[in-house]
Structures are given as structure tokens and as C-alpha cells.
Amino acid sequence: MSLATSAPHSIDRATCAALDAADPLARFRERFALPEGVVYLDGNSLGALPRATPGHVERVIAEEWGTGLIRSWNDAGWFDKPAVLGDRIAPLIGAAPGEVVLGDSTSASLFQVVTAAARIRPGRRVIISECGNFPTDLYVLESVQELLGEPGRPLERRLIDDDGPTLDEVLDGDVAVVVLTHVNYRTGRMYDMAEVTRRVHEAGALMVWDLCHSVGAVPVELNAARADFAIGCTYKYLNGGPGSPSFIWVAGRHHGVARPPLTGWHGHARPFDFTVGYEPADGITRFRVGTPQLLAVAGLEASLDLWAEVDLAELREKSLRLTELFICLVDARLAEWGIEVVTPRQSARRGSQVALRAVGTLDAGDGYALMQALIARGVIGDFRAPDLMRFGFAPLYVTHTDVWDAVAALEEILRSGSWREPRFARRGAVT
Ligand SMILES: *Cc1c(COP(=O)(O)O)cnc(C)c1O
């Protein structure tokens, strides 16, 4: 059934139930421990809990830690976990075996790869990113600019923006590295990875992709796009759990020359020689720093078992069906209340999330109270200042009926005005 060809008014809850019944990914939903009565549309911020995770983490704690103790570094393969799990992430991002390793936080890993990339282009003094990037990415770039600049003269940063300047306007022979987030965290807009990478290479610069909102949301083809470096997090669509580690990808052709700034013992060629001098390990291993967070790694390991079964073409197809359904229903039922879709309508330019904005008689900031009212009804999305209500559609566990119920709940909240209750305007520390 194609939504594009059915008129919005002909879609009802039964249509959604029929789409669920025909969904080839439907079987994955029961592999997640979602609370009863909750429509979870925030898997782009923190993925849901796979049912297998608590048992696996408990086994790692009781057997590998409790019984195995220090022996588990060898017996349970603790030392190699970051590389072994990296190899299991590789097929999700179009990478080859031996090109991916687990890192620390995404922010720390971004620092590792952007610095390493800029060092491959010495003499070029500019780093490009974008205004709308996730702020931590921009904060990290400031450190790289300082580290690789001269005293009092940091590297220059040029930021592109939707209203200009464009990438082509700021790319020239001074640019060392371009750092972009593939799927925008606020709007869900997706770049054409191969096309952008090609333009960056034409200017002689290297391309770093942030895949936080891409991995597990859309198929990614890093090697086919000839990209240079990438990082991403595993606690969003990959469902690794709060604080699960980032991953780092470096194209094989850079492995011999890449020099990360944080040189710890787990990135050493022979860490157990305990020598005084640092000597980088071969390959992607040199991007490791210190002891991996093995309990968090265990959470990711359980979730990657599930990802090994997922067909990414089916994932993308379902993701587009969910976001298209949501957009259709918002247009048909919420436009009259002053709710507008911000995310690109062209499917090739969209990740797996949709952002809405309150316009007309509503204030931009009203989106916050609207989202709190929705959450109080069990429909969980989030709000990104100053004005975006964000809804993530994790294809492994979100159903078409969930989409229907979410739009129906928002319509009811707008119609009744219940969102104007003062309790919905109070802001917590995390939005
Ligand atoms: C979620 C996200 C991060 C998170 O960084 P952490 O270091 O894991 O907190 C960074 N960049 C982007 C684009 C993100 O979406």
C-alpha cells in the first residue's frame, strides 16, 4: 500500500493496523521491553531497551567480572572488544572489517578524528562545519583549532548555514577538513554523502562525517562515498543503552598516516611491554585510548546481536513509510491548529525523524508545553530550543499505529487546550 497515492482522509487507524500486519520488520518490536501504554518516539535520543540486554549485562557482571576477575581480559576477550564490536558495526555504515573501533564519548572521538584529519593536511588552516550542527561538535572544533593553530592564532573556522554561506562558497585551497553531521539532529535533513564528499575532495580537503542520527536509522555507505573519517554514537538508534560508547571509522587508506591526539596505552603497538615511549599500533587500534567501559560495552554487544539480523533496505523502506505517514497525518489534521512540518518532504533528503513547529496563533516556544502535554499522555518525543518538537521513528519498534496514535493525541491536546496548564510550561534540566 503506498501512502503517497492514498489521499490523507482515506487513512484511518485500520489502515495503519494493516500496514503493521504487512510489516516485514514487525517481529523486532517484541524484542524490546517497551512500557505498556507508551508510544516511544525518542529513540533518536535514547534507544529503547532490548529484552536480551539485562540478562547479557548480568552475565558479564556475574561471570566475567565476578568469577573470571582479571582473567577475563584474555578469557572473555575484554581487550579486543572495541575492535570486535567495531567489526560488527562496520556493515551498518558501509565500512570494511578492521576500519571501525569503539571509542569513548562521541565528543571525545570527534576530537580524535578531526585532529588526525587536519594533521594529514598540514599548512591548510581552515576547518568547515555548520551553524546548525549539534553544539558539542562545534565546541570540540574550538579545541582542535587551538591545538593545531599557533599561539594566539587558532585555525580558522568557517560555518555554513541554510541561509548561506553555502559549502561551495567557503571551500577553497586553505581548507583542511570539513565536519558535517549526515542527518541533522534538529530537522532530520540528510546530506547526500557521496556528493558532498566529492566536492570536499575536489578542494583537496578531507571529510569527517558525524553519524549520530544516521547509524541504525538509514543505510550508510562510507567507503562507497569515499569518505575519510566518521564517528557516531550507539545509544540512539543502535539501542546500546545510556552512556554506551561511540564508534570511530577511519578509511583504510589513512591508517598508516593518521595521528590521533590522545595517545594512550590501548592505542600502543605493544601495550604490555610497558615501555617508556609511545609507539602507535597499526590500523584503527591507534585510535583507542584507555580501558574500555566494559559494562557499557556489554549493553551494546547485546543490541548488536539484534542488528545482525536487520536488513537495512527494509529498515529504510519502513522508516520512510513511518515518516511519510506522520507528515501526511500532520498536514491533514494539525495544520489548522498552527502546526507545520519542518523536515524535508523529499524522502532522499530525510533521515528517520520529523520536526514540527508551532506557527500562526501559537508561539514558537509553545512547542515545549505541547510536548510536555504529549509526554503526560504517554507519547514521548522531545523539544529542541527554540521552537522544534522532535519525533524519532526507530523502525525496529515504532509501528504505523503508534504514528496514528501520536497524531491523534496531539490533535486532542490542541483541540482541548489542555497543554496550556501551567504544569506543562515548567522546564526540567534536560529537555
Ligand atoms: C547525540 C549527538 C552527540 C552526542 O555526543 P556525546 O559526546 O555522546 O554526548 C554528538 N553529536 C551529534 C550530532 C549528536 O547527535
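Computation of the quantities below employed the complete heavy-atom set of this structure, encompassing side-chain atoms and omitting hydrogens, waters and symmetry-equivalent molecules. Note that ligands are numbered from 1 as they come in the structure, with each ligand's atoms numbered from 1 the same way. These figures come from a predicted structure and were not determined experimentally.
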Give yes if a backbone or side-chain nitrogen or oxygen of [X] is under 3.5 Å from a nitrogen or oxygen of ligand 1, and no if not.
{"X": "Asn133", "result": "no"}
{"X": "His213", "result": "yes"}
{"X": "Asp137", "result": "yes"}
{"X": "Thr181", "result": "no"}

Tell me whether [X] is salt-bridged to [Y], with the criterion being a basic N under 4.0 Å from an acidic carboxylate O.
{"X": "Asp387", "Y": "Arg357", "value": "yes"}
{"X": "Asp104", "Y": "Arg288", "value": "no"}
{"X": "Glu324", "Y": "Arg321", "value": "no"}
{"X": "Arg29", "Y": "Asp20", "value": "no"}
{"X": "Glu279", "Y": "Arg270", "value": "yes"}

Protein heavy atom at shortest distance from atom 1 (C) of ligand 1: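 It is Lys236 NZ, 1.4 Å.
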Using heavy-atom distances only, which candidate in Val183, Thr136, Asn184 approaches atom 10 (C) of ligand 1 most closely?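 Shortest heavy-atom distance from atom 10 (C) of ligand 1: Thr136.
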Need the ligand 1 atom indices (1-based, order shown) with element for anything under 4.0 Å from a heavy-atom of Tyr235.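 Checking each atom against Tyr235, I get 1 (C), 4 (C), 5 (O), 6 (P), 8 (O), 9 (O).
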Which of the atoms of ligand 1 are close to Asp210, meaning less than 4.0 Å from one of its heavy atoms?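 What qualifies from ligand 1 is 11 (N), 12 (C), 13 (C).
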Considering only heavy atoms, does Ser107 approach ligand 1 within less than 4.0 Å through its side chain, its backbone, both, or neither?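 Ser107 to ligand 1: contacts from backbone and side chain alike.
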Partners of Asp331 by salt bridge (Lys or Arg N to Asp or Glu O under 4.0 Å), sequence neighbours excluded?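 By the salt bridge (Lys or Arg N to Asp or Glu O under 4.0 Å) rule, Asp331 matches Arg345.
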Residue list, side chain to side chain donor-acceptor pair (under 3.5 Å) with His255, at least two apart or on another chain: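 Side chain to side chain donor-acceptor pair (under 3.5 Å) list for His255, sorted by chain: empty.
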